[in-house]
Amino acid sequence: RRQRQMCIRDRYIYAYRFAVATGLRPGELIGLWYGDIKGNTVNLRRSINVHREQTTGKNENAIRSFDMGKEAREAYEAQVQLLKAQGMLLNYNTPLFQIPSEHALYRRWESYQEANGLEPKVSLYELRHTFVSVESSVLTDSQLKMLVGHSLSLIHISEPTRLGMI
């Protein structure tokens with residue numbers, strides 16, 4: 001008997017890809033609006049916390065701007081195309097990834113990993129840590145801290161997580 005591999009389509013697939021390509025925190029991903037991206041520049045202005053409250057982020061470095069790399073740009077463009085295909089009217093304050101809460105994001109991420117056989121299971125924060133691990137080979141600690149909106153040294157971040165299937 002042939003075993004069938006179950007892969008699911010996930011409405012947040014481009015959010016996962018954008019997260020691993022940018023190092024955004026989950027709340028920053030949820031708080032990102034269509035209008036926060038101008039050309040190739042991402043302007044982080046807000047975060048949505050676990051209570052669904054809009055904040056300015058985790059610390060004083062959370063409000064920041066950076067240019068997208070190739071993978072982030074591809075995820076962004078695919079997400080915009082998806083929203084347009086769904087008939088979504090895009091204006092400045094349209095939530096880019098349409099994620100209602102961190103709880104919803106975490107539930108979908110767990111389901112995605114389970115359905116697609118991703119082992120070992122990783123958290124959304126590990127996507128951020130993967131980004132930091134990869135970028136630490138080409139950026140200084142100071143540049144990396146500014147890029148990811150961190151206030152402490154990032155030397156404690158470990159090896160990249162295996163996420164080739166996302």
Side-chain angles (χ1 to χ4, degrees), residues 10-83 90 92-110 112-113 118 121-139 141-154 156-158 160-166:
D10 192 296
R11 65 180 160 254
Y12 301 152
I13 187 64
Y14 302 118
Y16 309 148
R17 291 175 181 174
F18 195 82
V20 79
T22 60
L24 292 188
R25 295 176 177 97
E28 294 169 339
L29 198 62
I30 296 166
L32 190 62
W33 292 351
Y34 175 73
D36 292 333
I37 298 177
K38 294 289 183 210
N40 207 45
T41 303
V42 177
N43 300 292
L44 289 178
R45 297 182 169 101
R46 75 197 64 72
S47 183
I48 307 298
N49 68 22
V50 294
H51 306 292
R52 297 184 184 187
E53 300 164 332
Q54 183 175 309
T55 71
T56 56
K58 185 175 179 177
N59 60 48
E60 68 279 358
N61 300 320
I63 302 298
R64 60 196 186 279
S65 296
F66 60 88
D67 287 337
M68 289 183 277
K70 177 182 175 286
E71 292 83 5
R73 184 76 196 177
E74 288 172 356
Y76 165 73
E77 289 174 354
Q79 178 66 19
V80 168
Q81 287 306 108
L82 178 66
L83 294 175
L90 300 176
Y92 180 83
N93 61 351
T94 302
L96 182 60
F97 295 108
Q98 301 291 303
I99 303 168
S101 68
E102 278 196 39
H103 181 71
L105 178 61
Y106 278 95
R107 266 197 343 258
R108 288 299 317 146
W109 175 239
E110 288 173 357
Y112 179 84
Q113 290 182 95
L118 295 179
K121 301 287 188 281
V122 297
S123 73
L124 290 168
Y125 254 86
E126 286 175 292
L127 297 182
R128 177 174 166 80
H129 293 175
T130 296
F131 172 81
V132 169
S133 295
V134 170
E135 293 301 314
S136 67
S137 67
V138 294
L139 298 175
D141 193 49
S142 177
Q143 290 171 320
L144 199 50
K145 286 191 313 189
M146 189 172 68
L147 181 60
V148 297
H150 218 275
S151 56
L152 302 173
S153 175
L154 299 170
H156 66 279
I157 303 297
S158 63
T161 308
R162 183 186 66 79
L163 293 171
M165 290 178 260
I166 293 179

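Here the structure is a predicted model, which means the values were calculated and not measured.
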Pair R107 + E102: basic N to acidic O under 4.0 Å
no
Practice prompt. For the pair N43 (side chain) and D36 (backbone), establish whether a donor and an acceptor sit closer than 3.5 Å, ignoring hydrogens and angles.
Written response: yes
Between I37 and G39, the two heavy atoms sitting closest are CG2-O, 3.8 Å
Next item on the list: Using a 4.5 Å cut-off on heavy atoms from C-beta on, say whether the side chain of E28 contacts that of R64.
Entry: yes
Next item on the list: For the pair Q79 and L96, evaluate side-chain contact (heavy atoms from CB on, under 4.5 Å) and give the outcome as yes or no after the intermediate values.
Entry: CA-CA 8 Å; Q79 178 66 19; L96 182 60; 4.1 Å; yes
Checking V42, I99, T22 against L32 for side chain to side chain contact (heavy atoms under 4.5 Å, CB included), the one that qualifies is V42
Looking only at heavy atoms, the pair that brings L29 and A15 closest together is CD2-O, 3.6 Å
Looking only at heavy atoms, the pair that brings R52 and S101 closest together is NE-CB, 3.3 Å
As a quick check of understanding, evaluate side-chain contact (heavy atoms from CB on, under 4.5 Å) for R11 and Q98, giving each step before the final call. CA-CA 9 Å; R11 65 180 160 254; Q98 301 291 303; over 6 Å; no
Verify, without hydrogens or angle tests, whether R46 (side chain) and Q54 (backbone) share a donor-acceptor contact under 3.5 angstrom.
no
Note: I63 and T56 closest approach over all heavy atoms is CD1-O, 3.3 Å
- Output, in order, the C-alpha distance, side-chain angles, deciding distance and verdict of side-chain contact (heavy atoms from CB on, under 4.5 Å) for R25 and K58. CA-CA 9 Å; R25 295 176 177 97; K58 185 175 179 177; 3.5 Å; yes
Sub-3.5 Å donor-acceptor pair from the side chain of N40 to the main-chain atoms of D67, do we have one? no
inquiry  = Treating R128 as the side-chain partner and G23 as the backbone partner, does any N or O pair qualify as donor plus acceptor under 3.5 Å?
reply    = yes
When you compare the side chain of Y106 with that of L124, does any pair of heavy atoms fall below 4.5 Å?
yes
Correct closest heavy-atom pair for A104 and Y12 would be O-CE1, 4.0 Å
One should read off an interatomic distance between R73 CZ and M68 CE, to the nearest 0.5 angstrom, of 4.0 Å
Aromatic centroids of Y76 and F18 separated by under 6.0 Å:
no
Value for OH (Y14) from CG (L83), rounded to nearest 0.5 Å, stands at 10.5 Å
Quiz item: Tell me, do Y92 and Y34 make a side-chain contact under 4.5 Å, heavy atoms counted?
Solution: no
Exercise for review: Verify whether one side chain among N49 and T55 offers a donor that lies under 3.5 Å from an acceptor in the other.
Suggested key: no
task: Examine distances only and state if a side-chain atom of E126 and a backbone atom of S123 form a donor-acceptor pair shorter than 3.5 Å.
output: yes
Exercise. Do Y112 and Y16 have their ring centres less than 6.0 Å from each other?
Worked result: yes
Run V122 and W109 through side-chain contact (heavy atoms from CB on, under 4.5 Å) and show every step you take. CA-CA 9 Å; V122 297; W109 175 239; 3.6 Å; yes
Please tell me if the side chains of H103 and V50 come closer than 4.5 Å, counting only heavy atoms from C-beta onward.
no
Closest non-hydrogen atoms of S47 and G27, given as atom of the first, atom of the second and distance, are OG-C, 3.2 Å
